[in-house]
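Worksheet for the structure shown next.
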Amino acid sequence: MFKFWTVSVIFVFSYFIKSHECMKYSNYTLYRGMPVNEKHLEFFRNLSDMYDVNFWTPPGNLNKPVDFTIKPEDQAGFLKKADENGIYLSTIMRDIQRAFDKQTVRSYIRRNMESFNWQSYFRFKDIHNWLIDLQKMYPKELQLIEIGKSAEGRKMIAVKIILIGSKRRSTVIVEGGIHAREWISPAFVTFMIYKTITAPKSNDKEWKAVALTYEWYFLPVVNPDGYEYSHTEDRLWRKNRNDPSVDINRNFDTAFGTIGVSFQHQSDTYCGKHAFSEPEAMAMANFIKQRSKSLEYYISFHSYGQYMIIPYAHLTTHEDNYDEMKEIGKQVEKKISRRFNTKYLVGTAYDTVGYRTSGVSGCWVKKEFRVPYVLTFELRDDGESGFALPPEQILPTCQETMDGMKTLLTPRVARFQKLGPPDRLIDCQSRIVSNTIITICNMCLFLIVRFY
Ligand SMILES: *[C@@H]1O[C@H](CO)[C@@H](O)[C@H](O)[C@H]1NC(C)=O
Ligand SMILES: *[C@@H]1O[C@H](CO)[C@@H](O)[C@H](O)[C@H]1NC(C)=O
Ligand SMILES: [Zn+2]
């Protein structure tokens with residue numbers, strides 16, 4: 001009798017588990033639009049009021065591509081409207097679900113390091129287990145730190161590496177997986193962890209020298225809830241899983257809520273009620289702050305577009321050591337392209353992707369702690385597959401990006417130095433204060449001149 005019930009219960013449960021269906025994107029087409037005049041831009045900005053549209057690249061400047069998918073039911077209506085408005089349109093993928101189905105996800109088998117690789121994508125739990133096993137293999141050099149918990153209570157993991165014989169010149173922090181659907185980002189960060197911990201035994205002299213230079217911290221998946229959700233429920237999920245869900249990379253305290261964000265809860269770029277409202281952003285901020293004194297490099301990984309983005313994302317002007325960063329970026333670009341001829345574009349967000357944003361992690365790190373080398377990568381590809389990057393491209397992406405890391409992280413000054421105080425980078429608040437001071441001075445001057 002007991003057995004019968006157990007079996008029945010298991011049967012019923014497995015039925016529910018099996019019948020649970022993840023959001024499918026069959027017949028969702030990926031379009032690329034090219035706005036060449038203001039009217040076109042307005043058309044794209046209006047799009048989400050009219051249709052169920054998911055932007056892969058939101059509208060920004062003129063002549064910058066806009067990538068998006070539209071629900072199959074809305075496609076006929078949309079194509080008619082686009083035609084009426086003289087929109088330049090091309091179809092990148094007719095059915096994005098087919099491309100998502102090709103993104104194989106494998107499991108990691110505990111203590112079998114070979115079962116983790118860069119030929120497939122991996123779930124959060126598998127990445128975590130692999131890291132635990134890596135720590136067991138290299139207990140003296142690699143350490144896992146729990147920096148906090150996500151909104152749904154998952155562990156936020158940092159990987160600390162100090163190799164034996166390391167010069168510990170300064171600190172490098174590498175961030176990945178802040179946007180859930182950008183699966184190549186955690187994949188690359190795990191590759192970089194692997195290359196760093198195995199550097200002493202490798203015959204790659206260039207990387208070995210770099211690996212022995214720094215104290216390393218890697219944050220491979222800073223949005224574990226969203227990452228899991230993009231595996232189990234909705235492949236195009238971007239934000240965290242708080243209620244309401246927030247774009248963690250709009251939740252930092254630089255020009256918070258000013259540009260390139262939304263205050264509507266359902267928006268993909270909802271920035272939250274206030275800066276650091278999100279547990280993930282708060283945990284990152286505390287963690288970074290504790291290591292900020294020696295922090296020389298902060299590198300974050302996103303996809304897609306093949307851009308190297310220099311702070312500040314909310315400005316059109318070039319601030320701080322922009323010129324030096326641009327020069328470094330060009331060298332990195334050259335190095336990356338040598339392997340597979342992958343091309344990158346270097347500049348601010350405004351210069352590259354063509355739109356401005358605020359509340360971005362790297363910008364906050366640079367502004368707050370005067371960290372000299374802050375760079376955001378938008379990894380492969382340039383739009384052919386977008387977030388549906390095929391697994392065959394994971395390893396090549398990792399290899400070429402590691403080439404770039406060698407150039408980026410080779411020290412160019414003898415001693416680590418922080419940036420000086422901000423030049424023209426004045427917050428709104430201090431601008432009000434300085435304007436007030438100027439006004440008072442002018443009034444005094446006026447009174448002096450008048451009554452002298
Ligand atoms: C997708 O479109 C094809 C061709 O129009 C149709 O046969 C198929 O049923 C559609 N699939 C779904 C899941 O709607
Ligand atoms: C965009 O929306 C506004 C306000 O709803 C409307 O006035 C304008 O004509 C629309 N523009 C285009 C190009 O559809
Ligand atoms: Zn991103």
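Indexing begins at 1, ligand by ligand and atom by atom, following the structure's order. Source: prediction; values computed, not measured.
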I'd like to know if atom 11 (N) of ligand 2 has any protein heavy atom within a distance of less than 4.0 Å. yes

Between R154 and E228, is the closest basic N to carboxylate O distance under 4.0 Å? no

Protein heavy-atom partner closest to atom 13 (C) of ligand 1 - residue, atom, separation in Å: S26 CB, 3.7 Å

Please indicate whether any nitrogen or oxygen in N46 is less than 3.5 Å from any nitrogen or oxygen in ligand 2. yes

N or O pair under 3.5 Å between K39 and ligand 2: no

Quick one: closest heavy-atom pair of I394 and W118, and the distance? CB-O, 3.3 Å

State yes or no: are the ring centers of F301 and F377 separated by less than 6.0 Å? yes

Member of R338, R339, K195 meeting the salt bridge (charged side-chain N to carboxylate O under 4.0 Å, His left out) criterion with D403: R339

Which of the atoms of ligand 2 are close to E42, meaning less than 4.0 Å from one of its heavy atoms? 1 (C), 8 (C), 9 (O), 10 (C), 11 (N), 12 (C), 13 (C)

Salt-bridge contact K239-D268 (side-chain N to carboxylate O under 4.0 Å): no

So, F369 versus Y298, ring centres under 6.0 angstrom or not? no

Protein heavy atom under 4.0 angstrom of atom 7 (O) of ligand 1, is there one? no

May I ask you to check whether E182 brings an N, O or S atom to under 2.8 Å from the Zn ion (ligand 3)? yes

Give me the nearest non-hydrogen protein atom to atom 5 (O) of ligand 1 as residue plus atom name, then the distance to 0.1 Å. N27 ND2, 4.7 Å

Closest to the Zn ion (ligand 3), among the N/O/S atoms of H302, is atom ND1

